[in-house]
Number of protein chains: 2
Amino acid sequence: MTYTTGAAEDYLKTIYSHTEWQGDLITPSALALRLGVAPSSVTEMVKKLATSGLITHVPYGPLALTDAGRLRATAVVRRHRLIETWLVGEMGYDWDQVHDEAEVLEHSISDRLLEAINARLGFPTHDPHGDPIPAADGTVLRPPASLLTDATVGQSGTVLRISDRDPAVLRELAADLIGPGTEFTLTAPFTIALADGQSRLISVAAAASIWVTAPD
Amino acid sequence: MTYTTGAAEDYLKTIYSHTEWQGDLITPSALALRLGVAPSSVTEMVKKLATSGLITHVPYGPLALTDAGRLRATAVVRRHRLIETWLVGEMGYDWDQVHDEAEVLEHSISDRLLEAINARLGFPTHDPHGDPIPAADGTVLRPPASLLTDATVGQSGTVLRISDRDPAVLRELAADLIGPGTEFTLTAPFTIALADGQSRLISVAAAASIWVTAPD
DNA sequence: CATCCGTTTTAGTCATACCGAAATCCTAGC
DNA sequence: GCTAGGATTTCGGTATGACTAAAACGGATG
Ligand SMILES: [Mn+2]
Ligand SMILES: [Mn+2]
Ligand SMILES: [Mn+2]
Ligand SMILES: [Mn+2]
């Protein structure tokens with residue numbers, strides 16, 4: 001019933017994250033791939049999550065969070081991102097070093113401690129990677145964004161977020177002083193001009209991790 | 001081999017804690033009692049811990065930590081107490097509210113984060129309850145202490161630590177402004193006179209939780 | 001030397017999270 | 001419409017961890 005192991009939370013988070021920037025519902029096979037487990041493992045967990053009223057699932061169809069599931073998922077995401085923000089803001093971590101620690105702590109920190117951290121940080125709205133921190137009620141403020149790899153030459157905009165999946169990418173961009181808020185113009189695939197006129201060559205891996213303001 | 005689940009850490013911690021102030025080795029039945037599990041459960045865990053080289057155990061005899069086991073145990077205690085100190089010092093917790101949170105986090109926080117917390121706190125030597133924080137190498141500085149219930153009338157001394165087992169006791173003492181460092185003279189079982197001349201009536205439960213400097 | 005208490009053995013339970021192989025479903029393309 | 005092939009589920013397991021009651025055992029004590 002009140003089934004909330006760390007594994008279940010990770011499934012919920014992954015289901016939620018898939019829709020967060022990609023838009024469409026996730027399929028069991030995509031979920032298996034993302035989590036690095038066999039499809040049959042997904043089927044099993046899906047059964048438990050559906051029984052607990054956290055997702056809906058028509059057999060052979062894609063997965064969708066229920067309201068309860070979305071609330072639980074955003075709660076985990078909220079923890080993850082607040083913890084990351086805290087590690088960078090107060091504990092001396094770099095933005096490429098926070099993910100693993102947050103991945104563990106998001107399952108064990110109490111609500112009370114989380115809110116204490118939140119208050120200390122001054123109720124931040126975004127984590128170090130530019131990801132919005134869901135509110136306690138599950139609300140998320142997320143502006144339209146598109147990948148730098150989908151941008152056209154000449155397009156200008158602002159970096160909104162960097163996927164924190166690949167630490168090497170984060171280090172590359174940190175060295176280039178590129179992060180959320182950076183204003184740019186794409187001058188070639190993938191070279192960008194910064195506001196101060198400097199030019200930066202971006203690796204393909206990095207470009208595929210950078211989400212920017214949607215073009216007009 | 002490198003067997004370190006949360007449960008195993010709790011067994012090690014409990015074995016260690018028993019010797020910390022009581023002195024003698026713990027027996028399986030005492031351990032079972034303290035942990036709230038059946039004796040057969042202890043036997044099983046003891047087998048695993050012994051196989052992993054963390055404790056020594058002659059059948060039907062008491063339990064003793066090996067050097068490796070003691071190091072692991074003090075490491076967990078160190079985490080527990082640093083976390084408690086941090087919760088009180090920076091996160092607005094009262095000293096009767098930190099135990100449960102520390103009980104969970106002590107198993108999931110990383111060494112790196114622990115050391116960052118330690119540094120922020122200025123490398124404290126004692127937790128909010130007056131318990132010494134073991135060093136990273138397992139060293140513990142612990143002055144001789146005895147229970148207030150064992151003190152004789154007229155005896156003077158300083159409160160060294162309060163057992164954090166019972167939150168109600170902690171709240172009682174906080175209301176009386178009694179804590180580690182409080183100087184006192186025992187005027188009756190259990191009334192103490194404080195340095196400013198004020199007198200305090202101490203409940204039996206509280207007196208049995210207060211450790212004071214050993215009499216000369 | 002018998003008794004009895006603490007300890008261990010035995011034989012299980014229960015929960016969680018996996019997996020591969022086989023069966024089944026669904027649909028896109030013919 | 002039919003069918004092949006890919007996705008999904010079912011089925012039968014494995015593995016681990018933590019726990020238990022009941023029975024057998026051992027050893028110190030009276
Ligand atoms: Mn992250
Ligand atoms: Mn992040
Ligand atoms: Mn404690
Ligand atoms: Mn303490």
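The shown structure was predicted, so the numbers you read here are calculated from the model rather than taken from an experiment. Residue numbers start from 1 in every chain, and the chains themselves are labelled A, B, ... in the order their sequence lines are given, proteins ahead of strands.
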Collect all protein-nucleotide pairs involving nucleotides 18-22 of chain D in which both atoms are nitrogen or oxygen and the distance is under 3.5 Å.
| residue | atom | partner | partner atom | Å |
| --- | --- | --- | --- | --- |
| dA18(D) | OP1 | T5(B) | OG1 | 2.5 |
| dA18(D) | OP2 | Y3(B) | OH | 2.4 |
| dA18(D) | OP2 | T5(B) | OG1 | 3.4 |
| dC19(D) | OP2 | Y11(B) | OH | 3.3 |
| dC19(D) | N4 | E44(B) | OE1 | 2.7 |
| dC19(D) | N4 | E44(B) | OE2 | 2.9 |
| dT20(D) | OP2 | A38(B) | N | 2.7 |
| dT20(D) | OP2 | S41(B) | OG | 2.5 |
| dA21(D) | N6 | S40(B) | OG | 3.2 |

Hey, does L82(A) have a side-chain heavy atom less than 4.5 Å from the side chain of P124(A)? yes
Answer yes or no: is there a side-chain heavy-atom contact under 4.5 Å between D10(B) and E103(B)? yes
Interatomic distance where [atom1] belongs to [X] and [atom2] belongs to [N] [whole Å]:
X       : N       : atom1 : atom2 : answer
I26(B)  : dG6(C)  : CD1   : P     : 14 Å
K47(B)  : dT7(C)  : NZ    : P     : 15 Å
L33(A)  : dC19(C) : CG    : C1'   : 16 Å
L35(A)  : dT16(C) : CG    : P     : 18 Å
H107(A) : dA17(C) : NE2   : P     : 11 Å
L31(A)  : dC18(C) : CG    : C1'   : 14 Å

With sugar-phosphate meaning primed atoms plus P, OP1 and OP2, does T43(A) contact a base, only sugar-phosphate, or nothing at under 4.0 Å between heavy atoms? base
Do we get R72(B) above Y16(B)'s six-membered ring, with its NZ or CZ under 6.0 Å from the centre and within 45° of the axis? no
Cation-pi check for Y93(B) against R112(A): NZ or CZ below 6.0 Å from the six-membered ring centre and within 45 degrees of the axis, yes or no? yes
Does dT7(C) have its OP1 or OP2 closer than 4.0 Å to a side-chain nitrogen or oxygen of H57(B)? no
Which of these passes salt bridge (charged side-chain N to carboxylate O under 4.0 Å, His left out) with R171(A): D94(A), D166(A), D96(A)? D96(A)
For a salt bridge (Lys or Arg N to Asp or Glu O under 4.0 Å) check, start with the C-alpha distance between E106(A) and R78(A), then their side-chain angles and the critical distance, and finish with the verdict. CA-CA 9 Å; E106(A) 68 188 3; R78(A) 173 177 166 81; over 6 Å; no
With distance as the sole criterion, is a donor-acceptor pair present between the side chains of E172(A) and S203(A) under 3.5 Å? yes
Which atom pairs link the protein and nucleotides 23-27 of chain C when you take only N or O atoms and keep those under 3.5 Å?
| residue | atom | partner | partner atom | Å |
| --- | --- | --- | --- | --- |
| dC25(C) | O4' | Y60(A) | OH | 3.3 |

How far apart are the closest heavy atoms of L148(B) and L186(B), and which atoms are they? CD1-CD1, 4.2 Å
Hey, is the main chain of T152(B) close enough, under 3.5 Å, to the side chain of Q155(B) for a donor-acceptor pair? yes
